[in-house]
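Quick note on labels: first sequence line is chain A, next is B, and so on, each numbered from 1. Every heavy atom of this structure was used, including side-chain atoms; hydrogens, water molecules and symmetry mates were not.
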Amino acid sequence: MEELRVRRIREGTVIDHIPPGKALKVLSILGISGSEGTVVAVLMNVESRKLGKKDIVKLEGRFLTRDEVDEIALVAPTATINIIRDYEVAEKFSLTLPKVLEGIVRCPNPRCVSNVPGEPVVSRLELVDPERGLYRCHYCGRLVEVSEMEELLLQ
Amino acid sequence: MSGRDLVDLEDLDEGEIREILRMASGHDPPRATRTLDGKILGLAFFEPSTRTKASFTSAMLRLGGSVVDMGEPSTTSLAKGEGFSDTLRILSGYCDALVIRHKLDGAARYASELLDIPVVNAGDGSRAHPTQALLDLYTIGKIKGRLEGLSVGVLGDLKYGRAANSFILAISRFSPKVLYLISPPLLRPRREVLEALRRRTDFRIVENPRDVIGELDILYVTRIQRERFPDPEEYERVKNSYVVDLELLKEAREDLRILHPLPRVGEIRNEVDGTPFAAYFEQARNGVPVRMAVLEWVLGHGGA
């Protein structure tokens, strides 16, 4: 159904199965603001058999690589990535949590040295338990769950 | 000659911990040597300290080295607004290794990444105090003849107390018979500490020291600070349950030994000092031999 709302793209990337309402967060993580000049289609709260509702993002003319998409898992762990060439899905992959998050998420511990303003310190969280989506702050040792991270995103 | 950091005991394997303890016994009682002749140790205490700073100074002088002290935080360039990292970088140009204490969690880790010289953590926030934990282990080895298989209770502020945190993690690596974590519910260890313990040892969370005192080989006492309680009445209500006095010790085994990182403010009554239970002054004396070993270890004189 939703395919009819926005036309199919010829070349580029479709990010499907984004939890409803998270499409803009996904774009923000990818650093896409719209000023790039290429076609970006954002569908929010469309029907989904798998999720009930979902968001979809279509990027015309841009091919995301595995390396750049993993951070999407922080806000949209269910998302799937479809690389489109000549209107066909040329490649499809799901997301895995990045092993290290450097400068992406701030440590929730206000007394952590990585939160000191004016210091050239870059936050660093390391994945310690992929099954539970658990990260640990490299500096203070605080455990951080993926579900907490949306509020901790830097930028 | 290589150098290495001592930021957290969790970075060391058991063999390295034992190596430092072995080196410490070679310096006990401390005597003058020349192993660090001509070396300079920088002291960067961003938080007040008397014992730790004095024992590092004493240790360095015993080894034939000397110290450069950044001074009190209120009188340094930090007070003029200079960044933490700038202060450290500049100070590191004046010495061969740096001891750092700071109120922020992870400060020593950050310093160790910033600087080319070895960094020794003398306490970062509520996180870690590895040289204290080493001297705790050393003291236990000395008075009990072993580190393994002991029934250990840790009492007090287990959430924010860095000495308690480092000690809990350190002793958990030496297969305690059982490890009791004794505190008011508000001051139980942080999640990351409990998760690490779960992988290592049998531990139990206890609220009242009376319930376990009769089983213990070692009771490690730390201070409960009033400021930790959002409700002052709550503090008044619990504080007396965590005081170690002769009344509590009636139930204790004869060979129980009590440790405390000091300073204490009433949580161990003075009446306990003259009993065979009291090992905390002996523990404080071990600070110098253990820190001599640490300084040799970080500056590359290890495993002689």
Q: Using the side-chain contact (heavy atoms from CB on, under 4.5 Å) rule, take Lys103(B) and Arg111(A) through it: C-alpha gap first, then chi angles, then the decisive distance, then the call.
A: CA-CA 8 Å; Lys103(B) 66 174 183 191; Arg111(A) 304 189 51 82; 4.0 Å; yes
Q.
One pair to check against salt bridge (Lys or Arg N to Asp or Glu O under 4.0 Å): Arg124(A) and Glu113(B). What are the steps and the verdict?
A. CA-CA 13 Å; Arg124(A) 184 181 165 92; Glu113(B) 289 170 357; over 6 Å; no
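The local environment of NZ in Lys53(B) is crowded, with over 12 non-hydrogen atoms from other residues, nucleotides or ligands closer than 6.0 Å. Residue Phe93(A) qualifies as enclosed at atom CZ: its count of foreign heavy atoms under 6.0 Å is above 12. Counting heavy atoms of neighbouring residues, nucleotides and ligands inside a 6.0 Å radius, atom CZ of Arg10(A) does not exceed 12 of them. For Asp86(A), the CG atom counts as densely surrounded, since its 6.0 Å shell holds more than 12 non-hydrogen atoms of other residues, nucleotides or ligands.
The side-chain heavy atoms of Tyr110(B) and Cys140(A), taken from C-beta on, include no pair separated by under 4.5 Å.
There is no contact between Val128(A) and chain B, counting heavy-atom distances below 4.5 Å. Looking at Arg191(B), the atoms closer than 4.5 Å to chain A (heavy atoms on both sides) sit in the backbone and in the side chain alike.
Contact count against chain A (heavy-atom pairs under 4.5 Å) is highest for Asp105(B) among Asp8(B), Leu104(B), Val193(B), Asp105(B).
Here the SG atom belonging to Cys112(A) is positioned 11.5 Å from the CZ atom belonging to Arg109(B), to the nearest 0.5 angstrom. Rounded to the nearest 0.5 Å, atoms CD (Glu119(A)) and CG (Leu114(B)) are 7.5 Å apart.
Glu195(B) and Arg136(A) are not joined by a salt bridge, as no carboxylate oxygen comes within less than 4.0 angstrom of a charged side-chain nitrogen.
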